[in-house]
Amino acid sequence: MRKIELDSLRGAAAFAVLLWHTTASSLHTFLLGSQFAPVDSPWYNAIMYSPLRIFSAGPEAVWLFFILSGFVLTRSAASPNYRWDAYYPSRIIRLYLPIIGAVLLTALTFVVLPRVVTPGNSPFVGGLPDSYSFGFMVRDMTLLNGTTSANVPLWSLQWEVLFSILLPLYVVAARALPKISVIVSVVLIIASAWADSLVLLYMPMFLIGSVIGFYWEAIADRLRIFSSGGVRSTVIGTAALLFAIFAITSLYTFNTFIHEQTGVWAYVTNNAFTVLRLAGICLLLVLALTFPPLRAVLRWRPFVALGTISFSLYLTHGPITIGLAFVMGPGILTTIVQIVTSLAVAIGFYFAIEKWAHRLARYVARTIRERWAGPAVVSRPATEQNAA
């Protein structure tokens, strides 16, 4: 069920999160941009408050991770030969072994890169912990009671784990009530701002991805215009791609307008742009699998390489980035060193830990399937199976 384009898209998103954290921790102007504060330089304004922000749109990249997880896991679970008894052990191994490795790496960075706050440090860096106790390590390893900020990106993994546990419910909802599932998901995401609930904000994103994944063949068939070839298809696909980028970055492009709203209009405006960003992410996912020019770009070796190490990069770049910011202080040189070091560590982490965790997870799943072969619990509708 794996697609090179989706892995590459995930890699690009992981790199966007890396840029978000490196610039916020080492360049004060970018920190202001991440906080939607005014920026004096017209060049920085052009980078941070326009569609160019797509290259470092960290929060939106995490939303993409959630939707992609819903898409990929549901696609797999909807296959005729899928076995849930093999899924859970392999999924636990696939997620938790790299997470444990990332926590141990985080502890090591606290020793190698001492976190001593100085007046020159970014406020973003200065507000992070300067020690990492064993209790905090256990908390980050289990993800059962939230996470600490010692390794900032780990916060999203608690939602990934919760979704992984509830995957059967997501598959059933996506199969039985696809339209209602999408509508309810959007309503819950809108309600999350009123209820101040991260559960209502993030968990429905997985369901949107699940619906797209479960009915992907039907969706792709209706959007053949993107893949049909010819000038018309290229023009329409390019326009759709530009719109997706515009939608994903709309919160930054229209930052001034949004923050000028007050009262009920502020609530309406913020939710409207939340839905617009989600729509842009879903459209980008669709185009990554249907629009030949974008598919060709995502098959370039640099993107494929980023896709291969995307999970390792996401798990490990946080403590590396913050540790270097403490030691080196702010500046463009720090940003460059953060990026290069994070990529190098991610490559090493992939080959040392993640690759072996993935192999072990597949071995466990294959062993269970061979020993306890039986009918699948959930399968796609007959029309979908025939289309596949």
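In this chain, numbering begins with 1 at the start of the sequence shown.
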Per-pair distances, 0.1 Å, donor-acceptor, side chain in residues 261-269, under 3.5 Å, sequence neighbours excluded:
unit_1, atom_1, unit_2, atom_2, d
Gln261, NE2, Phe257, O, 3.0
Tyr267, OH, Ile190, O, 3.1
Thr269, OG1, Trp265, O, 2.6

Identify each donor-acceptor pair in which a side-chain atom of residues 193-204 lies under 3.5 Å from a protein atom, sequence neighbours left out, and give them as a table.
unit_1, atom_1, unit_2, atom_2, d
Ser197, OG, Val199, N, 3.4
Ser197, OG, Leu200, N, 3.2

Name each donor-acceptor pair under 3.5 Å that joins a side chain in residues 344-351 to protein atoms two or more places apart or in another chain, with its distance.
none

Less than 3.5 Å apart, which donor and acceptor atoms pair up between the side chains of residues 16-23 and the rest of the protein, not counting sequence neighbours?
unit_1, atom_1, unit_2, atom_2, d
His21, ND1, His317, NE2, 2.8
Thr22, OG1, Leu18, O, 3.0
Thr22, OG1, Leu19, O, 3.2
Thr23, OG1, Leu19, O, 2.6
Thr23, OG1, Trp20, O, 3.3

Please tabulate, one pair per line, all N/O donor-acceptor pairs under 3.5 Å involving side-chain atoms of residues 289-307, not counting sequence neighbours.
unit_1, atom_1, unit_2, atom_2, d
Thr290, OG1, Val286, O, 2.8
Arg295, NE, Glu5, OE2, 3.0
Arg295, NH2, Glu5, OE2, 3.1
Arg299, NE, Glu5, OE2, 2.9
Arg299, NH2, Glu5, OE2, 3.1

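Among the candidates Asn145, Thr148, Thr147, the single residue satisfying the side chain to side chain donor-acceptor pair (under 3.5 Å) test with Asp140 is Thr148.
The shortest heavy-atom contact between Ala61 and Ala13 is CB-O, 3.4 Å. Here the closest non-hydrogen pair linking Ile208 and Cys282 is CG2-SG, 3.7 Å. Taking every heavy atom of both residues into account, Ser156 and Val62 meet most closely at CB-CG1, 3.9 Å. The two residues Gly237 and Phe226 come nearest to each other via the heavy atoms CA-CD2, 3.8 Å. A pairwise comparison of heavy atoms in Leu113 and Ile320 identifies CD1-O, 4.3 Å as the closest pair. Nearest heavy atoms, Gln338 versus Ala325: NE2-CB, 3.6 Å.
For Phe163 and Phe66, the gap between ring centers reaches or exceeds 6.0 Å. Between Phe65 and Phe206, the gap from one ring centroid to the other reaches at least 6.0 Å. Taking the six-membered ring for Trp and the full ring otherwise, Phe55 and Phe15 have centroids separated by 6.0 Å or more. Close placement of the Trp84 and Tyr82 rings is indicated, their centers lying within 6.0 Å of each other.
A donor-acceptor pair under 3.5 Å links the side-chain atoms of Arg53 to the main chain of Met48, judged by distance alone. A distance-only check finds no donor-acceptor pair linking the side chain of Thr74 to the backbone of Phe71 [under 3.5 Å]. Between the side chain of Arg224 and the main chain of Asp221, a donor-acceptor pair closer than 3.5 Å is present. Proximity of a side-chain donor or acceptor of Ser149 to a complementary backbone N or O of Val152 within less than 3.5 Å is not detected. Between the side chain of Ser250 and the backbone N or O of Ala247, at least one donor-acceptor pair lies under 3.5 Å. Remark: side-chain polar atoms of Ser181 are paired, donor with acceptor, to backbone N or O of Ala173 under 3.5 angstrom.
A cation-pi contact links Arg115 to Phe110, judged by a cut-off of 6.0 Å to the six-membered ring centre and 45° from its axis.
Comment: Arg94 engages Glu354 in a salt bridge, judged by a side-chain N to carboxylate O separation of less than 4.0 angstrom.
Applying the 6.0 Å contact sphere to CH2 of Trp155 captures more than 12 heavy atoms from other residues, nucleotides or ligands.
Checked by atom type, the side-chain pair Thr334/Ser26 shows no donor-acceptor distance below 3.5 Å. Side chain to side chain, Tyr132 and Asn151 fail the donor-acceptor criterion of an N or O pair below 3.5 Å.
Note that CZ of Arg10 and CG of Leu68 are 5.0 Å apart. Values are rounded to the nearest 0.5 Å.
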Stepwise side chain to side chain donor-acceptor pair (under 3.5 Å) test for Arg139 and Thr142: CA-CA 5 Å; Arg139 181 181 179 186; Thr142 59; over 6 Å; no

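For Ser164, the side-chain contact (heavy atoms from CB on, under 4.5 Å) partners are Leu73, Tyr87, Arg91, Leu95, not counting sequence neighbours.
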